[in-house]
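For reference, the structure discussed in these notes is given below.
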Amino acid sequence: GAVVSQHPSWVICKSGTSVKIECRSLDFQATTMFWYRQFPKQSLMLMATSNEGSKATYEQGVEKDKFLINHASLTLSTLTVTSAHPEDSSFYICSARPPGVKTNQPQHFGDGTRLSIL
Amino acid sequence: GESVGLHLPTLSVQEGDNSIINCAYSNSASDYFIWYKQESGKGPQFIIDIRSNMDKRQGQRVTVLLNKTVKHLSLQIAATQPGDSAVYFCAENRGDSGNTPLVFGKGTRLSVIA
């Protein structure tokens, strides 16, 4: 089945550090990937849609200069949290949907990256 | 019983009983719905999906019901097991394109009492 992998699974770093999170589709190519953020005991909130070969589309209220997204290949999207601060601490999750002529395929999610900023 | 906390409602059921988790969606134009299960520290895991031209779909031990009139979705889990303890999210897809992101509901925590 479709597998999405995230790396790293857990990051602890000092305030002001930039952190890069990778999202890979392991057995399919994804022209579109999605980045979500989840705070404790809350639902997933969409941050941005990552488009291969073009600029990401950010949701309202998400700073594009703060959360840099690069989708350089059909199997890899990266999210870089620049100059991270404690309020950026959260669980970041990516997803992708296998392509195909059949619409309405479920998205598959990575196992998330827990980011803790001290 | 079911209780609503500050953010995440919780449903507690006895092992072996059936569980019903409910979800209200907002957009009448949504045409595809998915239930996900999320265990602690992990990403959401696909359980079952349903298209808007259906009102019921069954999987292994799970059934999804869709009522488009009142924009309501439910997930029924038969013979609930301890391994079913997790947070369950409904998600709606608002378009046919692969570029359309999912919109997630608030989620319900299912606790199975052994």
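To find a chain, count down the sequence lines: A is the first, B the second, and so on, and within it residues start at 1.
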Is it the case that one hydrophobic cluster holds both B:Ile21 and B:Leu73, taking links as side-chain heavy atoms less than 4.5 Å apart, direct or via other members? yes
Straight-line distance of B:Leu102 CG to A:Tyr36 OH, nearest 0.5 Å: 4.5 Å
Are there over 12 heavy-atom neighbours, none belonging to B:Gln60, within less than 6.0 Å of that residue's CD? no
Per-residue contacts, residues 55-79 of chain A versus chain B, heavy atoms under 4.5 Å: none
Given the rule that I, L, V, M, F, W and Y join up when any side-chain heavy atoms are under 4.5 Å apart, are A:Leu118 and A:Trp10 in one cluster? yes
Side chain / backbone / both / neither for A:Leu44 at chain B, heavy atoms under 4.5 Å: both
How far apart are the closest heavy atoms of B:Gln38 and A:Phe91, and which atoms are they? NE2-CE2, 3.9 Å
With hydrophobic residues grouped by side-chain heavy-atom distances under 4.5 Å, do A:Ile93 and B:Phe46 end up in a single group? yes
Please confirm whether the backbone N or O of B:Gly107 pairs with a side-chain atom of A:Ser43, one donor and one acceptor, at under 3.5 Å? no
Atom group of B:Ile34 that falls short of 4.5 Å from chain A, counting heavy atoms: side chain
Between B:Pro44 and A:Phe109, what is the shortest heavy-atom contact and its length? O-CB, 3.5 Å
Surrounding NE2 of A:His85 (heavy atoms of other residues, nucleotides or ligands, distance under 6.0 Å), is the total greater than 12? yes
Quick check on the interface: out of A:Gln38, A:Arg114, A:Met33, who has the most heavy-atom pairs with chain B under 4.5 Å? A:Gln38
Ignoring hydrogens and angles, tell me if any N or O in the side chain of A:Asp111 forms a donor-acceptor pair with the backbone of B:Lys42 under 3.5 Å. no
B:Gln45, part contacting chain A, at a heavy-atom distance under 4.5 Å: neither
Do B:Met54 and B:Leu75 share a hydrophobic cluster (ILVMFWY, side-chain heavy atoms under 4.5 Å, transitive)? yes
Please say yes or no: joined through hydrophobic side-chain contacts below 4.5 Å, possibly via intermediate residues, are B:Leu66 and B:Val62 part of one cluster? yes
If you measure from OG on A:Ser95 to OH on B:Tyr36, what distance do you get to the nearest 0.5 Å? 7.0 Å
